[in-house]
K.L.:
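The following block contains the structure, expressed as structure tokens.
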Amino acid sequence: MIRMITKRLLTSIFTLIILVSVVFAMTHATPGGPAFSILGQKATPAAVKALNARLGLNVPWWDQYFIWWGHLLQGRLGFSYLLNRPVTELISEYLGNTLMLYIGAIVLAVVLAIGIGLVQGVTWGRWPARLIGAFQLAAYALPTFFVGTMFILYFGVEWQVLPTGGITNLRDVHPGIIDYGRHLVLPILTVGLLSVSGLSRYFGASVHEELNKDYVRTALAKGLTFRAVLFGHVLRNALRPLVTILGLSFPGIFVGSVLVESVFNYPGLGYLLWRSALSQDYPVVSGIVLLLGVITVVGNLLADLVNGLLDPREIYD
Amino acid sequence: MSAVLTLDQFAVALRRGRGKNVPILDDINLTVAAGEMTALVGESGSGKTIASLGVIRLLPRGASTAGRVMLGAQDLTDLSDAEMRKVRGRDIGMVFQNPLSALNPSTRVGAQITEVYRLHTGESDRAARARALELFGEVGIPNPADRLDDYPHQFSGGMRQRVMIAMALACSPKLLIADEPTTGLDLLVARQIMALLTKLRRERQMGVLFITHDLSVVEEHADQVHVLYAGRSVEWGPARSFFEQPRHPYSQALLGAVPRLGQARLVSIPGNLPDPETRPPGCRFAPRCSYREDACETAYPAADTLGGTVFACRRGREIVPEVLGAVPQAAVRARQSGPVVLQADALGVDYPRSAASFLRGLLGGRDRLTALSNISFSLQRGQCLGVVGESGSGKSTLGRAVLQMIPYHGRVILDGHDFTTMGAREKRAARLGVQVVFQDPRESLNPRMRIGDIVAEPLKLAGMSGSRARRDAAAALLNRVGLNDRMMSQFPLAVSGGQAQRIAIARALATKPAMIVLDEPTSSLDVSTQAMLLNLLKDLAETDGLSYILISHDIAAVSYMADTIAVLRGGQLMEMGDAASVLGAPQSEYTRELVAASPHFRSTNKMGAASGAVAVADKSGF
Amino acid sequence: MSLSLAENMAAPGGALRRGAAARLLGWVGDRTMLVSGLVLAVLILLFCFLGALIYPASPVAIHGHHAFQPPSGAFPLGTDQIGRDELARLIEGGFSTMVVAIPAALLTFAIGIIYGMTAALTPSWVDKILMRLLDALLALPGLVVLIFFASLFAPGNTELIFLLGLTSWPGLARLVRNEAISQRGRDFVLATRQFGGGTWYVARVHLLRVMAPILVVNFTFLIGDSVLALSGLSFLGLGVKPPMTSWGGLLQTGLNLIALDPWWMIFPSAIMIFASIVATNLIGQGILARLGEGR
Ligand code: SF4
């Protein structure tokens, strides 16, 4: 067990090193260098040179690479060009909001996916599963921002039951938990529903597949009811691939939340990413990209560890 | 003795696609008596597994059944679903093939056993655990207390099957249904499982319905035999009478298809098992039967009896089987001492394995695991070397080393040319001279290539130009292995397993190899198909002077084919020599056990085929 | 967009494995999926590529007097806020969506296959390095990287194709690699090597052939994904540049004016995007289901 964890940790660290390098390469792939993107393509050579010196871009790239690493390890991600604040500070300001949305959406998605997937897996090939399949496809095929806007239109504008943007009521000086919650409902629903589509389909297929395995027949031959077999034997085995896929789909869910945060003007990382991208504030963008990569790598690691707990073979082999 | 299970005119039909149900099993009458074993024998597609699932009412959705299933005095077909659930596990225990997949991989075996006991007895967790412990002891699992909390994958194949049996016995059922419980297990292990089942049923006065495709497995254990063909019973009765004098042509062919030492020719059954949707109206065996008369094809033959067994054949009374007892025994083939085709000197194979020590593992260090050590042999033209051993004995590794598929040390010399001294190019050309036929014919043919292209592929790679010429050559190859060249435009999935294996042989012949490595070529085939394939291989050896290395766990097949036999265990050569002497008078204890565990071979010995048979037969007794 | 489709494909048991999924689906149903997907796809493609011939109005001409009008005889789908013909713009948007999405999918496809095959067929240490790199790339959501680059320079159509192609291949590459590795040890590959087939030959003739169905299916999914990604980009203001437009751009314009309830500016483009994704998925799932049943 310890050996497996160590091995997984080491590969994750290796992946992280590559990840950091890739992000570094991305930021340096800018045509003409970042100075041009800040100052515009018509900047004078002198101005560019001055800015490069100020940004530490006048040394060879490998020096920059190591300097960047040094900063990273100290938790520094550079300064926002636009807001002139440390990126770390900006990110920590927005991170909490995103996490609320993100975790809320994932929890919603997982709970719904398990419920829907069980029904789909059990009725596979018959009309309930087909109907669910049609809904899954529909949810997948609708652009996130369209769904979000429709939610705003109906829940916010037509029926006026829920707030449609931001995270608190601006007029409220001391926003309460209920206020936060009300603002979170629509974004979470939007991100969550779109994630449910893929996760539940996947889980449905895996329930169906487990149900066709020999051990199910054995369990039934012992005299267990179908329900007991489903919840006592099948569920646990079918959850394993779901955990893996969940770990892998963190980046995808984030993409959903970038769009959703933009729709709802929700002050999270996605929103920050979008604003910074539009204004070409690339230290912020690369900082967020990096953070996201780290979250994903760690997420995958966690998924593997959870799987290790669910499946004894992972530990002993 | 009283009947535990009685099937009375039992029939099952399954739903296929959207159409109406297709009959799979018709009119089965069968009894299992307390303390006895009834063997339900049939090849794949005969409906034997459906029969067992029908008894416990776990058939696929949409299936329909007819007739009665009596468990003691109770008709199971009358029970409600809830009542039936109480019968499963409590009154009927089930043991399935392949216990690795039949046990839940993520649940401790102890929990899987206590689950069924608690369900039916309502006992406490603690009592159930005590019961599980007791059962573990009874089925012969060493250190039962330590093993209850292990997971299925931590057991070996044989132990896993014992776990399955312990689970099936948890509530002391009156009837045990065992569906191919020994298939896929090594010979010696399978034999132990059979012995265990026999012991248990005698002690507990439990009836056993034993389902198998392999008659030889049940020869010495079954009290009753019931042979199924294409969903109908063709012959049934006391095992003793059955093995002494089978009456139905199909039973005779099944028994005759089992290879015996020194036998010149195996009985094979032409054609294939009919599909349930296209079964012949009269006798279902008619299209493949050599005793067929016109009347056979119009009406299903009535059951008849003579000398113990009941058979459904119009001519069962008159057919005198030439197969049994009449096997020509003058067997040991005249040894032609042809030139040496292949020679192996001190052949050894090590596999790298992640290092046992953790730190070295991190640094990428490797330990070496010896899969094969220091094997030397030589093979003459037209001869067959049989390599026998259990799984993990290194027999397949030996084949792969000869084929140059894996790195090895020592030398392999083909036709006087040493592979180890060859350059890459030369080696590639020389490898053409050693070809291979694998166990699973479907795996060895690319499912997305047409059969014609598959057979012609080696020719194409060898640079033969002209697609027309290649087609003709491929057709000729197919004809040589007894296949019709009309199948050239079909895909491998459209043909039967036996045909697919012959296609693989045709392809192997394309490069005109000096020898072929046969890696368990018949173990995934039914007995009758296996006989046909072995006959074909034997013919090819005679006409072309082909040499073989036959790798197999099946001593019977090896004894039929091999001139020389090598016995491997744990990568070591236990014994090698002339086939008759290795099998007749084994030198090592291990070989003796292996030979003793092979029932078909032993029964030949009983007939006095080889000297030294008495000792062997004695040892095999229980 | 929670799962990349390559992941969807890798559903437990592998989409192509016998039995499981497809056996229980009645075959009539499966064929319905495939056929309706194909019909829908052809209709959409005809609309995008030949629509301008049948309805030759200009997508950029401004009809100032008729700005922001619901559908009428003169403007079948109405006009936008500055008086451009919405139907003409829908056709033009479809055209620019497809000329980016299809080549981008092709590019993704090519890179994914080459990378995956290389990883599968090279010595294991090369494979290990390539796979760690892939892990790192997979940890970066394609669209976010796309946003990053799109923000650095204003991408034209060609740049968009390259950006999409270069950011969305890792999922496919992993699928190809895993599939190729599981196939390359199969007996028919070993047999081929025995009669002289080299690595390249095996990859070309055997691996690609057995993997063909799953690759075709993924290609259809990739097109759908590209359409979705493009529309997301347009929504964020980083897609096709005005005055040209794309479906995503049209939808975004409509949604921005949502307070005025311009349903004719929202639903046509939303439906087109929706229909494209549905079509590609129906085709893909239809093929999968038929394959599963054929085995
Ligand atoms: S009934 Fe006729 S065809 Fe059938 S097995 Fe007997 S002899 Fe052969």
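Order of the sequence lines sets the chain letters (A, B, ...), proteins ahead of strands, with each chain counted from 1.
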K.L.:
Nearest 0.5 Å, what's the CD1-CG distance between A:Ile18 and C:Leu137?
P.N.:
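With rounding to 0.5 Å, CD1 (A:Ile18) is 8.5 Å from CG (C:Leu137).
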K.L.:
Rounded to the nearest 0.5 Å, what's the gap from CD1 on C:Ile266 to CE on A:Met150? Could you check?
P.N.:
4.5 Å
K.L.:
Look at A:Val294, A:Thr149, A:Val285 and state which one has the largest set of heavy-atom pairs under 4.5 Å with chain C.
P.N.:
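Most heavy-atom pairs within the cutoff with chain C belong to A:Thr149.
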K.L.:
Which pair of non-hydrogen atoms, one from C:Gly232 and one from A:Leu259, has the smallest distance, and what is that distance?
P.N.:
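Scanning both residues completely, I find the closest heavy atoms to be O-CD2, 3.8 Å.
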K.L.:
Out of curiosity, A:Arg130 CZ to C:Met33 CE, how far, rounded to the nearest 0.5 Å?
P.N.:
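So the CZ of A:Arg130 and the CE of C:Met33 are separated by 7.5 Å.
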K.L.:
Hey, what do you get for CZ (A:Phe14) to NZ (C:Lys128), rounding to the nearest 0.5 Å?
P.N.:
10.5 Å
K.L.:
Let me confirm one number: the CG-CZ distance from C:Leu140 to A:Phe254, rounded to the nearest 0.5 Å.
P.N.:
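Output value for this atom pair is 11.0 Å.
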K.L.:
Quick test of your reading: applying salt bridge (Lys or Arg N to Asp or Glu O under 4.0 Å), list the pairs with at least one residue in residues 133-153 of chain A, sequence neighbours left out, ordered by first then second residue.
P.N.:
none
K.L.:
Determine whether C:Phe267 and A:Phe146 make a side-chain contact, defined as any pair of heavy atoms from C-beta on separated by less than 4.5 Å.
P.N.:
yes
K.L.:
Below 30° counts as parallel, above 60° as perpendicular, anything between as tilted: where do the rings of A:Phe145 and C:Phe235 land?
P.N.:
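If you compare the ring of A:Phe145 with that of C:Phe235, the planes turn out parallel.
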K.L.:
Is the shortest heavy-atom distance from the side chain of A:Val22 to the side chain of C:Leu133 under 4.5 Å?
P.N.:
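Yes. Closest side-chain heavy atoms under 4.5 Å.
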K.L.:
Could you tell me which non-hydrogen atom of A:Leu19 sits nearest to which non-hydrogen atom of C:Ala136, and how far apart they are?
P.N.:
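Nearest pair, atom of A:Leu19 first, then C:Ala136: CD1-O, 3.2 Å.
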K.L.:
So which of C:Val227, C:Leu255, C:Val145 has the largest heavy-atom pair count under 4.5 angstrom toward chain A?
P.N.:
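Heavy-atom pair counts peak at C:Leu255.
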K.L.:
Using 0.5 Å steps for rounding, measure from the CG atom of A:Leu137 to the CG atom of C:Leu282.
P.N.:
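Answer for the CG-CG pair, A:Leu137 versus C:Leu282, is 5.5 Å.
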K.L.:
So which atom in C:Ala139 and which in A:Thr296 form the shortest heavy-atom distance, rounded to 0.1 Å?
P.N.:
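Looking at all heavy atoms of both residues, the closest pair is O-OG1, 3.4 Å.
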K.L.:
If you look at every heavy atom in C:Ile273 and A:Pro143, which pair is closest and at what distance?
P.N.:
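It is CG2-CG, 3.6 Å.
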K.L.:
So which part of A:Ala138 gets closer than 4.5 Å to some heavy atom of chain C, the side chain, the backbone, both or neither?
P.N.:
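Contact with chain C is through both the backbone and side chain of A:Ala138.
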K.L.:
Where on A:Val289 is there a heavy atom nearer than 4.5 Å to chain C: the side chain, the backbone, both, or neither?
P.N.:
both
K.L.:
Could you tell me if the side chain of A:Ile17 sits less than 4.5 Å from the side chain of C:Arg132, heavy atoms only?
P.N.:
no
K.L.:
Going by the side-chain hydrogen bond (donor to acceptor under 3.5 Å, both in side chains) test, which pairs reach into residues 10-21 of chain A, not counting sequence neighbours?
P.N.:
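Every pair satisfying side-chain hydrogen bond (donor to acceptor under 3.5 Å, both in side chains) with a residue in residues 10-21 of chain A: A:Arg8-A:Thr11, A:Arg8-A:Ser12, A:Ser21-A:Tyr65.
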K.L.:
Examine whether an atom of C:Leu236 lies under 4.5 Å from a heavy atom of chain A, and if so say whether it belongs to the side chain, the backbone or both; otherwise answer neither.
P.N.:
both
